[in-house]
**Q** 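Mind having a look at this structure? Questions to follow.
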Protein chains: 2
Amino acid sequence: MYNLLLQSIEKKVPITQAAKIEVQNAFTLKKLRKRDYLLRDGDICNEMYFVKNGCMILYTLDDGGNEHVTQFAVEGWWVGDMYSYLSGLPSNMFLEALEPAEVLCIKREDREMLLTTVPILERYFRILLENNFVAIHRRVANLISKGAEDKYLDFVKLYPQFALRVPQKYIASYLGITPETLSRIRVQSAER
Amino acid sequence: MYNLLLQSIEKKVPITQAAKIEVQNAFTLKKLRKRDYLLRDGDICNEMYFVKNGCMILYTLDDGGNEHVTQFAVEGWWVGDMYSYLSGLPSNMFLEALEPAEVLCIKREDREMLLTTVPILERYFRILLENNFVAIHRRVANLISKGAEDKYLDFVKLYPQFALRVPQKYIASYLGITPETLSRIRVQSAER
DNA sequence: CATCCGGCTTGATCTAAATCAATTGCATTT
DNA sequence: AAATGCAATTGATTTAGATCAAGCCGGATG
């Protein structure tokens, strides 16, 4: 049950057997069906989630009711509204399962506690966040500098798995373009 | 000389006198004049920089020679090309002083060393990166969901200091719009 | 003091992508 | 197998913002 999480940790830092037990005790499992929500606009995000399997999206809704996907999360990824999680203030996001999913949940206080009892995890999260910083920075660079087609091509190159797994409209949203535009881009790219 | 850095650390984690010495020994000071570079396309980013004073921008150049600002950094901020810094691979970015500036530099190996000798800094960087994650995530949400005017208004609300301090063209670039568009937005907003 | 240059503004035009709208194709449910 | 409901496609039109081009202003430089 905790295999994937412990692997994720061990890939980055050494961890003792005793610490593994501590880790396991800090998490609970949630099983989700397609379209279940872990978080809705207005909720406070009191937990962060480690995806064991399935696929989640984190998104906002604008005034016109359009979804804007800020994050995907599949097996081995962390997800949640970090803003709300850290501040304790209400989120303006939705966290939804695109597929049946299982996630490991850790509450704010439990994580804080765990970080003091197993301090090597500070290093784990630090490394995780650094890698994440690189990825999100690349995304920003693409968003401010590239046109629709180039953004899509970079996305496919970076996450070939997603391009197949996730409905196109979510990818379009993630790239900041419309589903219609993405559809047209795909036929044009294929023609060449 | 190390005041601002030590304050930045102490705001987030407790640190002993001995550890402060260790920190100071790990950094060197660089003084920059306006338009000096700390990093150019093709360089490997072997250091990260903590800004003591002045203002830096991190940007890419596209095929058309247009700058795309991915980051600002003023007093108390960290900056550098994290991708190149972590991987040791060449950067495709420029890091330039917009004003005369002083930065504290820490080499890759020295930071790794420091993190093992002063492990509380793992926590410092972890917290820093979490806060940063929230900010950059907000930026992404704005980039994929908002029009030019709303992006600008959010920027001014979040960083009122910058709006005055930095030439508009860099702000435009940071927002993913042209200087012309930003100029027009500003007069329109003022009219109302 | 003059001039030079970079940054900002303003206007005219163009274009990539959004929007609006209809149709089709799948997959899930009944 | 019919029916329902999304997702994707395709076409027509609109629009936000880019691009191109000139002029202008203010601070740095000889």
Side-chain angles (χ1 to χ4, degrees), chain A residues 33-37 55 57 59 61-69 72 94 96-100 142-156 162-192, chain B residues 33-37 55 57 59 61-69 72 94 96-100 142-156 162-192:
Chain A
R33 287 178 306 168
K34 200 172 169 172
R35 297 201 192 170
D36 280 351
Y37 285 88
C55 180
I57 51 169
Y59 63 90
L61 270 191
D62 67 23
D63 309 329
N66 304 304
E67 298 170 354
H68 300 281
V69 176
F72 291 107
F94 297 81
E96 179 183 351
L98 287 188
E99 306 170 359
N142 282 341
L143 285 171
I144 64 176
S145 72
K146 290 186 175 169
E149 180 166 14
D150 285 347
K151 283 190 286 189
Y152 175 65
L153 294 178
D154 193 65
F155 178 84
V156 173
F162 283 3
L164 305 163
R165 182 166 176 180
V166 174
Q168 280 181 40
K169 62 170 194 160
Y170 297 117
I171 295 173
S173 173
Y174 181 89
L175 298 174
I177 64 180
T178 59
E180 291 95 330
T181 294
L182 180 54
S183 173
R184 284 184 250 264
I185 281 169
R186 283 165 49 86
V187 302
Q188 285 162 22
S189 300
E191 280 169 6
R192 279 175 288 141
Chain B
R33 287 178 306 169
K34 198 170 169 174
R35 300 204 189 167
D36 281 350
Y37 286 87
C55 179
I57 52 170
Y59 64 89
L61 272 191
D62 66 22
D63 307 329
N66 304 302
E67 297 172 355
H68 299 282
V69 177
F72 290 109
F94 298 81
E96 180 185 350
L98 288 188
E99 308 170 359
N142 283 341
L143 285 171
I144 65 176
S145 72
K146 289 185 176 171
E149 181 167 15
D150 285 347
K151 282 190 285 190
Y152 176 64
L153 294 177
D154 192 66
F155 178 84
V156 172
F162 283 4
L164 306 163
R165 183 167 176 180
V166 175
Q168 282 182 39
K169 63 170 193 164
Y170 298 117
I171 295 173
S173 174
Y174 181 89
L175 298 173
I177 63 180
T178 60
E180 292 94 329
T181 295
L182 180 54
S183 174
R184 286 184 248 264
I185 281 170
R186 283 165 51 86
V187 303
Q188 286 163 22
S189 300
E191 281 169 7
R192 278 175 288 142

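Small disclaimer: the values here were computed from a predicted structure and weren't measured.
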**Q** To the side chain of A:Lys169, which of D:dA8, D:dT10, C:dC8 is closest?
**A**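 From the listed options, D:dA8 comes nearest.
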
**Q** Can you tell me the distance, in whole Å, between the OH atom of B:Tyr170 and the P atom of C:dG6?
**A**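 Interatomic distance, OH of B:Tyr170 to P of C:dG6: 11 Å.
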
**Q** Begin with the C-alpha distance, continue with both residues' side-chain angles, and end with the deciding distance and a verdict on side-chain contact (heavy atoms from CB on, under 4.5 Å) for A:Ile57 and A:Val166.
**A** CA-CA 10 Å; A:Ile57 51 169; A:Val166 174; 5.5 Å; no

**Q** Tell me the interatomic distance from A:Gln168, atom CD, to D:dT10, atom P, rounded to whole angstroms.
**A**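 Rounded to the whole Å, the gap is 11 Å.
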
**Q** Please tell me which of the listed nucleotides, D:dA8, D:dG17, D:dT10, lies nearest to the side chain of A:Pro167?
**A**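 The nucleotide sitting nearest to the side chain is D:dA8.
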
**Q** Quick one: are B:Glu67 and B:Phe94 in side-chain contact, heavy atoms under 4.5 Å?
**A**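 No, side chains not in contact.
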
**Q** Are OP1 or OP2 of C:dC8 and a side-chain N or O of B:Ser183 less than 4.0 angstrom apart?
**A**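 Negative; the distance criterion is not met.
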
**Q** For B:Thr178 and D:dG17, is the shortest distance between a side-chain N/O and OP1 or OP2 below 4.0 Å?
**A**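 No, no such contact exists.
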
**Q** Checking contacts here: which listed nucleotide (C:dT10, D:dG17, C:dG7) is nearest the side-chain heavy atoms of B:Val187?
**A**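 Of all the options, the side chain of B:Val187 is nearest to C:dT10.
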
**Q** To the nearest angstrom, how far is A:Arg186 atom CZ from D:dA8 atom P?
**A**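 It works out to 8 Å between those atoms.
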
**Q** CD1 of B:Ile177 versus C1' of C:dA16: gap in Å, rounded?
**A**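 Those two atoms, CD1 and C1', are 17 Å apart.
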
**Q** If you assign each of A:Asn66 and B:Glu180 to its closest nucleotide in DNA chain C, which residue comes earlier from the 5' end?
**A**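 The 5'-side residue here is B:Glu180.
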
**Q** Classify the nucleic acid contact of B:Gly64 as base, sugar-phosphate or nothing, counting any heavy atom under 4.0 Å across all strands shown.
**A**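 Touches nothing.
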
**Q** Could you tell me how far apart B:Glu99 (CD) and C:dG7 (P) are, to the nearest whole angstrom?
**A**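 Rounding to the nearest Å, CD of B:Glu99 and P of C:dG7 are 13 Å apart.
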
**Q** Quick one: does B:Phe162's side chain get under 4.5 Å of B:Tyr170's, heavy atoms only?
**A**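 They are not in side-chain contact.
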
**Q** Got a donor-acceptor pair under 3.5 Å from the side chain of B:Arg184 to the base of D:dT19?
**A**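 For B:Arg184, whose side chain was compared with the base of D:dT19, there is a donor-acceptor pair (under 3.5 Å).
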
**Q** In this structure, how many angstroms lie between the P atom of C:dT29 and the CZ atom of A:Arg33, rounded?
**A**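 Rounding to the nearest Å, CZ of A:Arg33 and P of C:dT29 are 11 Å apart.
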
**Q** From the list C:dA17, D:dA18, D:dA8, which nucleotide is the closest neighbour of the side chain of B:Thr181?
**A**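 Of the options given, the side chain of B:Thr181 lies nearest D:dA18.
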
**Q** Checking side-chain polar atoms at under 3.5 Å, does A:Ser183 have a donor or acceptor matched by the opposite partner on A:Gln168?
**A**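 Judged by distance alone, the side chains do not pair up.
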
**Q** Measure the distance from CZ on A:Arg35 to C1' on C:dT28 and round it to the nearest whole Å.
**A**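 Whole-Å distance recorded here is 10 Å.
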
**Q** Hey, which of A:Arg33, A:Lys34, A:Arg165 is the one that makes side chain to side chain donor-acceptor pair (under 3.5 Å) with A:Glu99?
**A**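 The single option meeting the side chain to side chain donor-acceptor pair (under 3.5 Å) with A:Glu99 is A:Arg165.
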
**Q** Starting at atom CD1 of A:Ile57, determine the distance to atom P of D:dA7, rounded to an integer number of angstrom.
**A**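 Checked: the CD1 to P distance equals 10 Å.
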
